Amino acid sequence: MPQSWVYEHTIGTLDLSVEHLGAHLVVCISGSDAPHIGSVTLSSPRPSLTGSGMSATSSVLNRLGHKDEAIARYVSEALSAHLNTVVCCVCGIHKDYASPEDIASCSTLGEELVQFL
């Protein structure tokens, strides 16, 4: 990987950026009606408990009443395991009356980043 770069992308109303910090990554996912900091995950790669491949273990900080952890954890663990590096993900998405389709669209973020990186 290059020494320093930033990847920026928009999916629907979500803004996504990735910054390379040495061997590690910082991912920021925000947008929709009210971008903010809701959850932060820090994922470290480790051998999978199944004995095959890699996985990741995460530490999580959530702001009171925020549910952004699900997306932050999914993205940071997918990238950490796939790239075998430490990943921090800051996530803050708020959409009034989010539909199931809105929520499902977030599940592609991890795969899109893995394919890009």
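Being a predicted model, the structure only gives us computed values, none of them experimental.
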Q: Check whether Arg46 reaches the backbone of Met54 with its side chain - one donor and one acceptor, N or O, closer than 3.5 Å.
A: no
Q: Which is it for Thr50 and Ser48 under the side chain to side chain donor-acceptor pair (under 3.5 Å) test, yes or no, and what are the steps along the way?
A: CA-CA 5 Å; Thr50 67; Ser48 174; 2.9 Å; yes
Q: Please report the closest heavy-atom contact between Arg63 and Ile37, naming both atoms and the distance.
A: CD-O, 2.8 Å
Q: How long is the span from the OG atom in Ser58 to the CZ atom in Arg73, to the nearest 0.5 Å?
A: 5.0 Å
Q: Closer than 3.5 angstrom, by distance alone: can the side chain of Thr85 be matched with the main-chain N or O of Ala23 as a donor-acceptor pair?
A: yes
Q: Checking Thr41 side chain against Ala72 main chain: does a donor-acceptor pair fall under 3.5 Å?
A: yes
Q: So, taking the atom named OG in Ser17 and the one named CG in Leu25, what distance separates them when rounded to the nearest 0.5 Å?
A: 11.0 Å
Q: What's the separation between atom OG in Ser76 and atom CD1 in Ile71, rounded to the nearest 0.5 Å?
A: 12.0 Å
Q: Taking His20 for its side chain and Gly22 for its backbone only, find out whether a donor-acceptor pair lies under 3.5 Å.
A: yes
Q: Tell me whether Leu83 is reachable from Ile29 by hopping between hydrophobic residues (I, L, V, M, F, W, Y) whose side-chain heavy atoms are closer than 4.5 Å.
A: yes
Q: Drop me the distance from Glu77's CD to Leu79's CG, to the nearest 0.5 angstrom.
A: 10.5 Å
Q: Report the residue from Asp68, Leu61, Ile93, Val90 that forms a side-chain contact (heavy atoms from CB on, under 4.5 Å) with Ser39.
A: Asp68
Q: Using 0.5 Å steps for rounding, measure from the SG atom of Cys88 to the CG atom of Leu42.
A: 6.0 Å
Q: Once side chain to side chain contact (heavy atoms under 4.5 Å, CB included) is applied, do any residues pair with Ser30, and if so which ones, sequence neighbours excluded?
A: Asp15, Pro35
Q: Flag the pair His94 / His66 as yes when their ring centroid distance falls below 6.0 Å, and as no otherwise.
A: no
